[in-house]
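A note on names: the letters A, B, ... follow the listed sequences, proteins ahead of strands, and every chain is numbered from 1. Hydrogens, waters and symmetry mates are skipped; everything else that's a heavy atom, side chains included, is used.
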2 protein chains.
Amino acid sequence: MGRRSDHSREELEELILAEGHRLMAEVGYPRFSAREVAKRVGYSVGTLYNLFDSNHRLILAINSRTFLMWAAAMAERLAEDPEDRIAVLVDGYFRFASENSNLWMAIYEHRTPEGSDLPERYRKQRGELTGMVEAEIAKVLPEEARNKAAALARSLVATVHGHCVFALTGTFALLGEDRPQEAALARVREALAAAGGR
Amino acid sequence: MGRRSDHSREELEELILAEGHRLMAEVGYPRFSAREVAKRVGYSVGTLYNLFDSNHRLILAINSRTFLMWAAAMAERLAEDPEDRIAVLVDGYFRFASENSNLWMAIYEHRTPEGSDLPERYRKQRGELTGMVEAEIAKVLPEEARNKAAALARSLVATVHGHCVFALTGTFALLGEDRPQEAALARVREALAAAGGR
DNA sequence: TATTTTATTGAGCGCCGCTCAATACCGTGT
DNA sequence: ACACGGTATTGAGCGGCGCTCAATAAAATA
C-alpha cells in the first residue's frame, strides 16, 4: 500500500483528530484508545502513529481542540453583552464542563509524561481562557487594583475549577448537596468585593 | 498449591494493600498495576483477584488508606493547638498533597466505573476530613451563622482544592507563578470575613 | 487414611501502546 | 511505455495490561 489519493496529509490529520475528539466525548479518557480511532477512520495503527507520534501527542491535540471549543463558547456568550459578565464567566465554566464532561475531564485526567512538557502553541492556547477572565476581572476592579487582576484571575479560576471538579466527580453529592455553582459564584463575588471591585 | 501457612487471609490482604500503597506512591496512578503488586508480594495475580475482586476495588482500598493518612496528619497538626487553625488547615492540605503527590493525585485520578458507587465505609471515611474542616469553620463563625458552617466548609475545601490541583499539575506555573497556597488562604479568609467570621 | 474443603496457581483471552520490515503506490526521467 | 526512487501505508509482533477459571496442592475433616 502507499500514498492514497483520497486524503492529503493535512486532511488525514484533521480526520483523525476529529474522530479522536468524537471518541473521547463518547467514551471518556480512561476508555479512549488510539487503536479504536484508527479503526474508525479506516486506517491502520501505523498510519496514526506516523502523524501523531505517540498516544500522548494525540490526546494533547484532542484536548487542545476541546480548549478551543470552550474558549469559543465563552467568547460567544460574552459577546451577547450580558449585564453580569462575572456570572456569565462562572456559568460558562460550569455549563461547558457539564455539557461536555468527558472532553472536559480529559483535559485534567491526562498527565503529561515525566520528561516532556507541552509545546508552546498549546501553552498559548490555554492561556486564552485565563486571559478572557483576566480582562473581565480588570474591568471590575478599581484603578489602583488593576495590577492585581492577573493574579486574582488565576486564583478565581482555581476557585471555580475546584467547585466544578467536585460537582462533576460527585465529591459534592457525596457530602450533601448544595449548589456548587452558586457557591463558586459567591466565593468569586466575595473575593472581588474584598479587592474593592464594583 | 493450596493454603499457605505463612499468612492468614487478613494478613495477606494487609500485605497486598501495603505493597500496593507503596507502589502507588512510587509510580503514580497511570503506571500502577495489580500485576506488579502481585509480583512484589510474591503471590500470583489470581490470589490478588481473589481478595480484591477487581483492580478498581484494590485502588479504592489504597486511596482509602491515603485518606486515612491525610486525616491523621491534619488531626496531628491541629492537636498542637496552633494559633491560626484555619491557616493550618490550608497548609495541611497543600503540604500533604505535595509531599505525597502520587498518592494524593491517585485519589482524584481514579474514576469509579459507570455502575458502581463507592461503599458506605469509604464514603464515611472521606467525610471525616470535611468534618474536621467544618468543625473549625463553625468555631470561627458567629452564633447566627453556624448553620451555614457545613455548606461553607464544603465550598472552602473546593476552593483550596482548586488551587492545590493547579499548583501540583503545573497549571499555575504555566500561567505565571504567584504562590497558590497564599492565594487559597486569602480566598478562604475573605469568605470567612464575608460570613461574619472573626 | 480417605475425603472434602479451601487457597493458590498461571496459562489464556482480548485488549492496550508502539515499532518496523515489508509492501503498495506515486511522480518522475528516459 | 517502462523502470526506478521515494513515500505513505500496512499489520504482524512485542511486551504489558485487567481478568478468568480449570487444575492443583495443601489443610481440615471424617
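Summarising the geometry, the separation between CD on A/Glu13 and C1' on D/dA8 is reported as 14 Å, rounded to the nearest angstrom. The nearest whole Å value for the distance from the CZ atom in A/Phe52 to the P atom in C/dG17 is 14 Å. When rounded to the nearest whole Å, the span between CG of B/Leu23 and P of D/dG18 equals 10 Å. Summarising the geometry, the separation between CG on A/Asn55 and C1' on C/dT19 is reported as 15 Å, rounded to the nearest angstrom. Atom CZ of A/Arg57 and atom C1' of C/dC18 are 15 Å apart (whole Å). Here C/dT8 presents its P atom at 6 Å from CG of B/Leu12, a figure rounded to the nearest Å. Residue B/Leu15 contributes atom CG, which lies 12 Å from atom P of C/dT8 at whole-angstrom precision. Between the C1' atom of C/dC18 and the CG atom of A/Leu51 lies a distance of 15 Å, rounded to the nearest Å.
For A/Ser33 and C/dG17, the shortest distance from a side-chain N or O to OP1 or OP2 is below 4.0 Å. Taking only side-chain nitrogens and oxygens, A/Ser44 never comes nearer than 4.0 Å to OP1 or OP2 of D/dT9. Note on A/Thr47: every side-chain N or O is 4.0 Å or more away from OP1 and OP2 of D/dT9. For A/Asn50, no side-chain nitrogen or oxygen approaches OP1 or OP2 of D/dA8 to under 4.0 Å.
Residues A/Phe52 and A/Glu13 have side chains in contact (heavy-atom distance under 4.5 Å, counting atoms from C-beta outward).
A side-chain donor-acceptor contact under 3.5 Å links B/Asp91 and B/Gln181.
Contact of B/Arg35 with D/dG16 (side chain to base): no donor-acceptor pair of N or O atoms is detected under 3.5 Å.
Scanning both residues, B/Ala106 and B/Asn63, for their nearest heavy atoms gives O-ND2, 3.4 Å.
Listed candidates were C/dC18, C/dT8, D/dT10. Nearest to the side chain of A/Ser54 is C/dC18. Comparing atom distances between the B/Tyr43 side chain and each of D/dG11, C/dT8, D/dT9 picks out C/dT8 as nearest.
Around the CD atom of A/Glu76, the shell of radius 6.0 Å holds no more than 12 heavy atoms that belong to other residues, nucleotides or ligands.
Salt-bridge check for A/Arg22 with A/Glu19: passed, with a basic side-chain N closer than 4.0 Å to an acidic carboxylate O.
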